[in-house]
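In what follows, a single structure is set out as C-alpha cells and then discussed.
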Amino acid sequence: MGGSGAPTRTPSVTPPDPLLSRRGGPLLTLTLNKPHRLNAVTLPLYQRLVAELEDADADRDIRCVILTGSGRAFCAGADLKAHRDRPQPPEERRRYIEAAQRANRLIQTIGTPVVAAVNGHAIGAGLELALSADFAVVAEDARLRLPEVALGTFVGGGVVYTLAERVGVLKAREIILLGDFFSGAEAAAMGVLNRAVPAREVLEEATSLAHRLARRAPIPLASAKKLIGPAATLSREETLERERAALEEIFATADWHEGLAAFHEKRPPRYRGK
C-alpha cells in the first residue's frame, strides 16, 4: 500500500533562551546562555537582559542581581562570525548598539545592586558588562581584553568612564588602545574588577556578596549607587546638596527607624524598602 504522498516535515527546533533567569529568595541570577558561542552577545540577548533588569528594578523583593555566564566563559563579546557571515543593515546595527548601551546603562543605574560573577573569559562587550556592575568577582585564570580598537571598531557600554573610574585615565588608555590580554588575577590587582578567586569559587563568592548586599537597606543603598562615581564630575556644592536630599528622604523612611531599633535591640535589621 502506498503512502499518502504528503511531504515529510522536519520538526522545528526552538532555539535556547539566550538569557536564563532564576529567582532565589531576594536574589535574581541572570545567566548568559549561549555556551556554544562563549555567550557572545546578540540583539535578542541584550533585549532579554534589558527586560529582566527593568523588571528587577520594579520588584521591591529583589534585593540584588547576579550576572554570570553558562559554560566556560562569562562572555566573549560580539559574535564576530555572525557579523562576518551576515552584515547588518544600518537600522539593525543601530538597534544593536542602542540595546547594548541600554543594557549597560541599566546595570549601572538601577537602584538594585548588580554583582558580576565572571566565571571565565570576558572579552570586549563581555568585559563592558562586568565593568558596568557594582561588584565583580572574576576567575583568577580568566582571560580579559578590550580588543575593539585593535579590530577597527570601538568600545561601548560606557567603558570609557567605567574603566577610567577604576584605574585612572592613563591605565584606561593603555587597556583600551593597546587591547592586550590580562588575567582575572591581574584585573583584581589593578583594580579593574573587585576580587579574583579560583574559577570553581566564583559563583559561590558572588552569591555570598549578593546576600550581604541584599541585607542592606535598599533606599540608602540605591542612593549611594546613584551618587558614587557621578560625584567625580559634580561640584562640591552639587555633591553636598545631593547627599542632603538623600538624607532627608531616608530619615522619613520606615527602614531608618527599623535600623535604629535593630541597633538598640542588638538584632539584625529587617528592611522592607519603605
Side-chain angles (χ1 to χ4, degrees), residues 19 29-42 45-46 49 65-81 83 100-101 103-105 107-108 114-207 209-210 229:
L19 186 76
T29 300
L30 301 177
T31 304
L32 309 179
N33 187 42
K34 293 180 62 183
H36 62 292
R37 299 295 301 156
L38 300 181
N39 303 318
V41 291
T42 59
L45 188 151
Y46 276 134
L49 184 55
V65 175
I66 299 171
L67 180 64
T68 192
S70 59
R72 61 190 180 91
F74 175 71
C75 175
D79 192 334
L80 298 181
K81 183 178 183 297
H83 284 288
Q101 297 293 74
N104 280 280
R105 187 183 300 115
I107 294 171
Q108 295 168 27
V114 179
V115 177
V118 186
N119 53 298
H121 305 332
I123 311 296
L127 186 51
E128 291 163 11
L129 288 170
L131 286 165
S132 290
D134 300 292
F135 293 88
V137 180
V138 61
E140 293 170 334
D141 60 352
R143 285 167 62 80
L144 315 177
R145 184 190 180 203
L146 291 171
E148 289 93 334
V149 172
L151 293 173
T153 180
F154 198 60
V155 293
V159 76
V160 291
Y161 60 82
T162 59
L163 183 58
E165 285 172 351
R166 289 162 168 77
V167 299
V169 172
L170 190 66
K171 191 65 177 178
R173 186 179 289 125
E174 178 183 324
I175 292 171
I176 292 172
L177 298 188
L178 296 181
D180 293 334
F181 278 106
F182 53 97
S183 70
E186 290 170 329
M190 289 188 290
V192 174
L193 302 178
N194 293 86
R195 62 189 67 168
V197 298
R200 65 182 179 279
E201 298 175 13
V202 167
L203 188 56
E204 179 183 356
E205 183 75 12
T207 302
L209 181 56

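Contact of the T68 side chain with the L32 side chain is not registered, since no non-hydrogen atoms from C-beta on lie closer than 4.5 Å. Contact of the F154 side chain with the V149 side chain is registered, since non-hydrogen atoms from C-beta on lie closer than 4.5 Å. Between V41 and C75, the closest side-chain pair of non-hydrogen atoms falls below 4.5 Å.
In terms of modelled atom types and a separation under 3.5 Å, the side chain of E128 and the main chain of V159 share no donor-acceptor contact. A donor-acceptor pair under 3.5 Å links the side-chain atoms of H121 to the main chain of R143, judged by distance alone.
With values rounded to the nearest 0.5 angstrom, D180 atom CG is found 9.5 Å from I175 atom CD1. Atom OH of Y46 is separated from atom CD of Q101 by 8.5 Å, given to the nearest 0.5 angstrom. From F182, atom CZ reaches atom CG of L146 across 6.0 Å, with rounding to the nearest 0.5 Å.
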Applying side chain to side chain donor-acceptor pair (under 3.5 Å), run through S132 and Q108 and close with a yes or a no.
CA-CA 5 Å; S132 290; Q108 295 168 27; 3.0 Å; yes

Show the numbers, then the answer: is there a side chain to side chain contact (heavy atoms under 4.5 Å, CB included) between L129 and N104?
CA-CA 6 Å; L129 288 170; N104 280 280; 3.7 Å; yes

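Here the shortest heavy-atom pairing between I66 and A117 reads CG2-CB, 4.2 Å. Nearest heavy atom pair, residue A164 against residue V160, reads CB-O, 3.5 Å. Closest of all the heavy-atom pairs between A78 and A125 is N-CB, 4.3 Å. Here the closest non-hydrogen pair linking T31 and S70 is CG2-N, 3.6 Å. In this structure, V115 and L209 approach most closely via the heavy-atom pair CG1-CD2, 4.2 Å.
Screening residues 162-173 for side-chain hydrogen bond (donor to acceptor under 3.5 Å, both in side chains), with sequence neighbours left out, gives K171-E174.
Looking at L38, N39, I123, L67 one by one, the single match for side-chain contact (heavy atoms from CB on, under 4.5 Å) with F74 turns out to be L67.
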Determine all donor-acceptor pairs shorter than 3.5 Å in which one atom belongs to a side chain in residues 191-204; sequence neighbours excluded.
{"unit_1": "N194", "atom_1": "OD1", "unit_2": "A136", "atom_2": "N", "d": "2.7"}
{"unit_1": "R195", "atom_1": "NH1", "unit_2": "E205", "atom_2": "OE2", "d": "3.0"}

